[in-house]
Trainee: 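Quick one: the structure is below, and I'll ask about it shortly.
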Amino acid sequence: MVGHRFSAPEITWRKTVRRPSVGEFIEGVAGRFVTDLLRRGKYLIAPLDDDQFLVLHLGMTGSLRIHDARRDPPPMVRHIFPLDDGREMRFIDPRKFGHLWLLPDPADAMRKMGAEPLEPDFTVAVLAAALTSRRSPIKAVLLDQSVIAGLGNLYADEALFLSGIHPERSANGLTDQELPSLHDAIVRALSTSVAAYAAARDAEWPDPPVALSPWSVPRSAAELCPKCQGSVQMIRVRGRSSWYCPTCQPAG
Ligand SMILES: [Zn+2]
C-alpha cells in the first residue's frame, strides 16, 4: 500500500465506517497517497498525504488482502480500496466486526492504550505498576487494552501458561518472581507468533493464512499439557474462554 494512491473505495457494509460519514470517508480517501503503515495495539494506521489517517481495526475475524484487481475476490469481501497499480486492498470481514475511520488524529479512533509490549519501554516495572492496583483476575487485566496494548485472548492464555500463572489469580497478588516471568512470557508469546505469521505471510503471499495456532497451551480437552502431560481445562474468566493447566498453573 505504501507509496500508492487510492481511488474511491467501495464500501458495501456502511456500519463499518465509524467516522466521518460514509460519503465523507469515500471522498476523503479517494486520490490520496499512503505514506506509511503503522500499528498501535490492534489498530492499523495508514497516514495519507493530506495529513489525514486511515485507521483500520480487523475485529474478530477480519483480514486484509492486496490482490490483482482482475482476480476473483474471495468470499466475504466487504470493502475494496483500488490502488493505482492494478491491485486493490480487499477488506474481508465475515462477521462484520471490523471498523474504519478517516481522522486527523488516529488516537481519536482508540480508547486509552497501555504500553506496547514489544517496545523497549515495556519493562517489568511498567507491568508491575499497571497491575498494582488491580484486584481483578490477571487474565481479565491482560486483555484490558489500557494496561497492555494489543494483547488478545489467545496471547494472554499463552503468556499465563508460559509463566505458570492461573488465569483467575488476582492481578495485584503476583509475586516478585512471577512479575518478571509474566513479562518475559508476554514478550515471548507475541514474538513467537509474530515470527510465525511473518514466515507464513512470506511463504503464502498474496494469500497468507488468517489464523495460525503457534500456542504451546492446547485449546482442546483432547490434548495434554506439553509440560506435565496432564489434562488442560477451559474456564470462563469475565466471559472469555481461558485454557490452562491446573497442575502447571495452580490457583495459589
Ligand atoms: Zn501442565
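Indexing begins at 1, ligand by ligand and atom by atom, following the structure's order.
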Trainee: So which pairs with a foot in residues 42-58 pass side chain to side chain donor-acceptor pair (under 3.5 Å), sequence neighbours left out?
Mentor: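 Only Arg32-Asp49 qualify under side chain to side chain donor-acceptor pair (under 3.5 Å).
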Trainee: May I ask you to decide whether Arg71 forms a salt bridge with Asp207, counting only side-chain N to carboxylate O separations under 4.0 Å?
Mentor: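 Looking at Arg71 and Asp207, the cut-off is met.
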Trainee: Just jot down the ring-ring contact (aromatic ring centres under 6.0 Å, His included) partners of His67, sequence neighbours excluded, or say none.
Mentor: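 His67: no ring-ring contact (aromatic ring centres under 6.0 Å, His included) contacts found.
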Trainee: Using a strict threshold of under 4.0 Å (side-chain N to carboxylate O), is an ion pair present between Asp157 and Lys139?
Mentor: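 Asp157 and Lys139: salt-bridged.
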Trainee: Going by the rule salt bridge (charged side-chain N to carboxylate O under 4.0 Å, His left out), which residues pair with Asp108 if we only count those two or more places apart in sequence or in a different chain?
Mentor: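 Salt bridge (charged side-chain N to carboxylate O under 4.0 Å, His left out) check on Asp108 returns nothing, list empty.
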Trainee: Answer yes if Leu44 and Ile66 sit in the same cluster of Ile, Leu, Val, Met, Phe, Trp and Tyr residues linked by side chain heavy atoms under 4.5 Å apart, and no otherwise.
Mentor: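 Cluster IDs for Leu44 and Ile66 match.
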Trainee: When you check the space around the Zn ion (ligand 1), which protein N, O or S atoms turn up under 2.8 Å?
Mentor: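 Checking every protein N, O and S atom gives Cys225 SG, Cys228 SG, Cys245 SG, Cys248 SG.
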